[in-house]
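Notes for the one structure printed next.
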Amino acid sequence: MTRAVGLPTGRAGRPVVMGVVNVTPDSFSDGGAWFHPSDALEHGRALLAQGADVLDVGGESTRPGAERPSEAEELRRVLPVVEALAALGPVSVDTMRSAVAAAALDAGATLVNDVSGGLADPEMVPLVAEREVPLVVMHWRGHSTSMQSRAVYDDVVADVRRELAERVEAIEAAGVPRSRLVLDPGFGFAKTAAHNWEVLRRLGELVDLGLPVLVGTSRKGFLGRVGRAAGAERAPLERDVATAVTTAYAAGCGAWGVRVHDVVAAMDALDVADALMADGARE
Ligand code: PMM
């Protein structure tokens, strides 16, 4: 049984830096690099040393079009890594399956990051209520195989805001207090590049909902395409500078946290944001 703990906090009042540990063969951003548990463990250890406040361990790729692994396969990927990393620092489990979340919490995770915001598995919210752990509620409109056909909005920011607020109400009604919820607009999930830019530009409108907001732009496709001709996009591993810019911007908008692959770059970006926002001049 897990201990009830609050939300992770960032260093010295800064946004929380959530370092990504994908234990998948096919993630768009770093597919396969950390698929073996020992590699994932070393990677997580390095991210903590670089300053990550929490490690987000996931075993399912959510890139557009990805097929889901079986539950058994997801458990096999995630559990040994969660268990080993939880001994080193705070761990969140990135899963849409309540059984995987339950096993990860038993193995030492203290936060659930559900990209479906509890919609994919009806047992997820009751589990989070029972275990009294924080939950990241991401904006989601369907699994990866179909999500891009659902990227249709009247006003993407107003629609995401409304859909997230509806999730918060439903999740609260199911017994999870809002003090344990983090919202995430879901960059790249059922959104075109133009939608992602609009959400980022108007991030403050989501922060205004009054709940902590997590920003997951790291290495996403819209950062690969910006400023580049078709066919000359930045590859995922070449998007860390662009991600750092969005990290500093998110801090300026009042984001609670950023979910990133390159923690060194995020720490630099947050140093810059911190200096810019500090009262008075600095050396
Ligand atoms: N993006 C991915 C996976 N999990 N979780 C949250 N809360 N927000 C995100 O934007 C998000 C996520 C996909 O990116 P990855 O393949 O690099 O992990």
Side-chain angles (χ1 to χ4, degrees), residues 7-8 15-35 40 43-44 47 52-69 74 77-78 81 91-97 100-101 104 109 111-120 124 128 134-141 143-144 147-148 160 164 167 181-191 195-196 199-200 203 206 211-224 235-240 242-243 246-247 250 255-263 265-266:
L7 286 178
V16 167
V17 175
M18 179 182 268
V20 178
V21 181
N22 282 325
V23 196
T24 55
D26 56 347
S27 282
F28 80 95
S29 51
D30 51 6
W34 325 114
F35 190 43
H43 184 54
L47 296 184
D53 300 298
V54 53
L55 298 174
D56 191 37
V57 179
E60 173 175 355
S61 167
T62 47
R63 78 185 148 75
E67 295 291 338
R68 305 195 71 189
E74 193 183 342
R77 292 178 186 178
V78 154
V81 178
V91 169
S92 79
V93 60
D94 182 349
T95 185
M96 290 183 267
R97 289 183 167 123
V100 174
L111 172 70
V112 176
N113 172 24
D114 180 352
V115 298
S116 82
L119 287 170
M124 184 64 96
V128 168
L135 174 68
V136 177
V137 180
M138 203 189 79
H139 177 257
W140 186 83
R141 286 186 165 185
H143 285 289
S144 301
M147 66 180 174
Q148 286 317 95
V160 166
L164 281 175
R167 289 305 302 142
L181 300 181
V182 173
L183 301 181
D184 184 329
F187 289 97
F189 288 79
K191 290 172 194 75
H195 291 141
N196 290 319
V199 172
L200 196 55
L203 192 63
L206 296 171
L211 289 181
V213 172
L214 178 65
V215 171
T217 53
S218 189
R219 296 185 181 166
K220 298 252 164 106
F222 72 112
L223 297 181
L237 291 173
E238 297 165 355
R239 298 174 192 162
D240 288 328
T243 302
T246 63
T247 292
W256 165 82
V258 289
R259 180 182 179 279
V260 296
H261 300 85
D262 184 344
V263 167

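Whatever order the structure lists them in is the order used to number ligands and atoms, beginning at 1.
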Checklist outcome for this item: By side-chain contact (heavy atoms from CB on, under 4.5 Å), H195 pairs with (sequence neighbours left out) A151, Y153, V156, K191, T192
Checklist entry - So, are R259 and D94 salt-bridged, with charged N and O less than 4.0 Å apart? => result yes
Checklist entry - What atoms in ligand 1 come closer than 4.0 Å to a heavy atom of N113? => result 5 (N), 6 (C), 7 (N)
Next on the checklist: Need the ligand 1 atom indices (1-based, order shown) with element for anything under 4.0 Å from a heavy-atom of N22.
Outcome noted: 15 (P), 16 (O), 17 (O), 18 (O)
Checklist entry - Going by the atom numbers of ligand 1, which of them fall below 4.0 Å from some non-hydrogen atom of T62? => result 2 (C), 3 (C), 13 (C)
Checklist entry - Which atoms of ligand 1 have any heavy atom of M138 under 4.0 Å away? => result 6 (C), 8 (N), 9 (C)
Checklist entry - So, the side chain of D53 versus the backbone of V17: is there a donor-acceptor pair under 3.5 Å, distance only? => result yes
Item to check | Selected option - heavy-atom contact closest to atom 10 (O) of ligand 1, from M18, K220, R259 | outcome: K220
Checklist outcome for this item: Numbered in order shown, the ligand 1 atoms found under 4.0 Å of a heavy atom of V115 are 4 (N), 5 (N), 12 (C)
Checklist entry - At a non-hydrogen distance cut-off of under 4.0 Å, which region of L214 contacts ligand 1 (side chain, backbone, both, or neither)? => result side chain
Next on the checklist: Given E60, H261, M96, R219, identify the one with the heavy atom nearest to atom 17 (O) of ligand 1.
Outcome noted: H261
Item to check | ligand 1 atoms in contact with V136 (distance to a heavy atom under 4.0 Å) | outcome: 7 (N)
